[in-house]
Number of protein chains: 2
Amino acid sequence: MDEASFLAAYDPRDYPPVAVTVDVVALTIRDGKLCVLLVERGHQPFAGQRALPGGFVRIESLAEAALRELAEETGLTPGVDDLERVHLEQLRTYGNPDRDPRMRVVSVAYLAFAPSLPEPTAGSDAARAYWVPVEEAKDLAFDHDEVFADGLERARSKLEYTPLATAFTGTEFTIGELRQVYAAVWGEELHAGNFHRKVLSVPGFVESTGGTTAKGGERGGPKAKLYRAGDARLLHPALLRPTREDRVR
Amino acid sequence: MDEASFLAAYDPRDYPPVAVTVDVVALTIRDGKLCVLLVERGHQPFAGQRALPGGFVRIESLAEAALRELAEETGLTPGVDDLERVHLEQLRTYGNPDRDPRMRVVSVAYLAFAPSLPEPTAGSDAARAYWVPVEEAKDLAFDHDEVFADGLERARSKLEYTPLATAFTGTEFTIGELRQVYAAVWGEELHAGNFHRKVLSVPGFVESTGGTTAKGGERGGPKAKLYRAGDARLLHPALLRPTREDRVR
DNA sequence: CAAATAGTGTCTTTCAGACAATATGAC
DNA sequence: GTCATATTGTCTGAAAGACACTATTTG
């Protein structure tokens, strides 16, 4: 059987129907707090409940679907807004047979790290989307509590051994701003002096722009030097989270 | 609209047909070499070419589908064979629109770590499946070259910070055997003395059984103490790969 | 000036890796 | 005996974390 005749005989309807969706755990930092993008569901199932943004995959790659959903829900326009700076990576896929009461739905979850984006109040779809501090994101629809928890843990872990913290900042940032990103994501303060020396000692993490901030801090302090993201894709050595007491046993 | 009437009005055929499959990157160590399970494809597309074992997801969880495919291809029977000791984890999902010429196929890839299993010569499906040393696994069907590369890198990485190397050994093993697992997966020899001390110093990695091997090594040496896997799920501190020269930039 | 922040210096402890040394048992 | 392997010891250098200190800027 050659490929052409095989294709002719191939009937997709031979297989039980499955829908494939993407869900996005989009994280950003607003007012020093780590926030996740949630939408209020307008229809069944789980109408009125909050959920992660997502939707059906069209004729596009999975990553494209995730970025499209993110753009739609935030009301931002690729090419116009800062959407290019969003870091997007696949999280994992959820496919238990009963996770959606309507039919078999397999959902590919993506994790997005975004610099501070405007509150999504613009377009149609974005009307019911908003940023929620992570500790308030509970009782989500479907299995999204689990998806969100997985995404949050992945984000916290990735900050340890990759330079992705810079995905939460502007293109230029101070070491102090970078430290606040770590503090927000990990949920604990870091020692300023040790963090400073550590970041500069990791090759390729940040590189100096030569400039400094125009003013000192709001509550005092000298002008800080400015940095941009370096070319490292992995941090060697890593910045490990302080709380390692709770070894996972 | 309540949920019942919604379900009545819901037609799965409203969505473009997508098939969901699982593919398995199953790794084991045979004769000191890291091997991957491959199947010879019997029909189009890619007939005659080698591929990762896999198939369509039925009414089951994704992990169950992966384990079922693995059992079918190896000819092993859950409950009878050592299939319970196989470690299975989700790798990632591949869903580019053109990755299968027949239709849109989204494939959820799983990574399996298995202790040395018998060569699959038994049952019907398993006839064309065999273990191949990883360096010989090339030119696979579909996008399986990429899937396999991702799985291999994940396995190498996981050995650094989890105790999963013990998934490749018997329930009891010597430190030397454990070192050979690391050597096989990472593809480089490790210093015996340093490795020995290191493994014993990581809390919860291994625990002594009190026993020793009956005989010394084949080419001489004292009897080695026996250990079993400990209760740690993460290694603190981690066993980092020696070759960190090639920083990923 | 008081307070806050940037950035640096120092010390201790832990750990990785190089290397050595000793002990045991197969052949 | 010879050799491979198991196991332990020693040393050096890198790095983390605690703490202290100076400099700078805002209010």
Side-chain angles (χ1 to χ4, degrees), chain A residues 32 159-161 169 172-183 186 188-206 208-227 232 234-245 247, chain B residues 32 159-161 169 172-183 186 188-203 205-206 208-227 234-245 247:
Chain A
L159 252 57
E160 293 190 307
Y161 59 94
T169 68
E172 296 196 353
F173 51 86
T174 68
I175 304 292
E177 286 167 356
L178 194 63
R179 176 166 46 81
Q180 285 166 34
V181 169
Y182 275 89
W186 285 348
E188 55 192 320
E189 292 306 311
L190 297 174
H191 187 285
N194 289 340
F195 181 86
H196 193 106
R197 185 168 358 89
K198 171 78 191 184
V199 166
L200 295 185
S201 77
V202 176
F205 191 179
V206 299
S208 174
T209 68
T212 67
T213 54
K215 294 167 51 72
E218 292 187 6
R219 294 187 291 273
K223 294 168 184 167
K225 291 179 187 163
L226 286 171
Y227 297 84
L234 289 175
L235 302 184
H236 266 302
L239 280 91
L240 298 180
R241 274 175 279 189
T243 24
R244 57 175 57 166
E245 310 311 327
R247 288 197 174 83
Chain B
L159 253 57
E160 293 190 307
Y161 58 94
T169 68
E172 296 195 352
F173 50 87
T174 68
I175 303 292
E177 286 167 355
L178 194 62
R179 176 166 46 81
Q180 284 166 34
V181 169
Y182 275 88
W186 285 349
E188 53 192 321
E189 291 307 312
L190 298 174
H191 187 285
N194 289 339
F195 181 85
H196 197 266
R197 187 172 355 90
K198 170 81 192 183
V199 166
L200 294 185
S201 76
V202 176
F205 191 1
V206 299
S208 175
T209 68
T212 67
T213 53
K215 295 165 49 74
E218 293 188 5
R219 294 188 291 273
K223 294 168 183 167
K225 292 178 187 163
L226 286 171
Y227 297 85
L234 289 175
L235 303 183
H236 266 303
L239 281 90
L240 298 180
R241 272 175 280 189
T243 22
R244 57 175 55 166
E245 311 310 328
R247 288 200 174 80

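First the proteins, then the strands, lettered A, B, ... as listed; each starts at 1. Any value given below was found using the heavy atoms of this structure, including those in side chains, with hydrogens, waters and symmetry copies removed.
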Could you pull out every donor-acceptor pair under 3.5 Å between side chains of residues 211-221 of chain A and any protein atom, sequence neighbours left out?
residue : atom : partner : partner atom : Å
A/T213  : OG1  : A/K215  : O            : 2.9
A/T213  : OG1  : A/A224  : N            : 3.0

Problem set entry | Smallest separation among heavy atoms of A/A183 and A/L190, with atom names | N-CD1, 4.5 Å
For this session: Round to the nearest Å and state the distance from B/E177 atom CD to D/dA4 atom P.
Result: 20 Å
Problem set entry | Non-neighbouring partners of B/S208 that pass side chain to side chain contact (heavy atoms under 4.5 Å, CB included), sequence neighbours left out | B/Y227
For this session: Tell me, please, which residues at least two apart from A/Q180 pass side chain to side chain contact (heavy atoms under 4.5 Å, CB included).
Result: none
Exercise. Separation of A/R179 atom CZ from C/dG7 atom P, in whole Å?
Worked result: 10 Å
Problem set entry | Whole angstrom value for the distance that separates C1' of C/dT5 from CZ of A/F195 | 15 Å
Exercise. What's the CG-P distance between A/L239 and D/dA14, to the nearest Å?
Worked result: 19 Å
Problem set entry | Integer-rounded Å distance: D/dT5 C1' and B/L178 CG | 16 Å
For this session: Would you mind reading off the distance between A/H236 atom NE2 and D/dA14 atom P, rounded to a whole angstrom?
Result: 17 Å
For this session: Grab the CG-C1' distance between B/L235 and C/dC15 for me, whole Å please.
Result: 15 Å
For this session: Give the nucleotide from the list D/dT7, D/dT8, C/dC15 with an atom nearest to the side chain of B/I175.
Result: D/dT7
For this session: Under the salt bridge (charged side-chain N to carboxylate O under 4.0 Å, His left out) rule, collect the residues that match up with A/E189, sequence neighbours excluded.
Result: none
For this session: Encode nucleotides 18-27 of chain C as B, S and - characters from 5' to 3', where the letter depends on protein heavy atoms closer than 4.0 Å: B to the base, S only to sugar-phosphate, - to neither.
Result: BB----BBSS
Problem set entry | Euclidean distance, atom CG of residue A/L240 to atom P of D/dA14 [Å, nearest integer] | 19 Å
Seminar exercise, completed: Taken in chain and number order and not counting sequence neighbours, the residues that satisfy side chain to side chain contact (heavy atoms under 4.5 Å, CB included) with A/A238 are A/Y161, A/L240
Problem set entry | Phosphate-side-chain proximity, B/H196 and D/dT7, N/O vs OP1/OP2 below 4.0 Å | yes
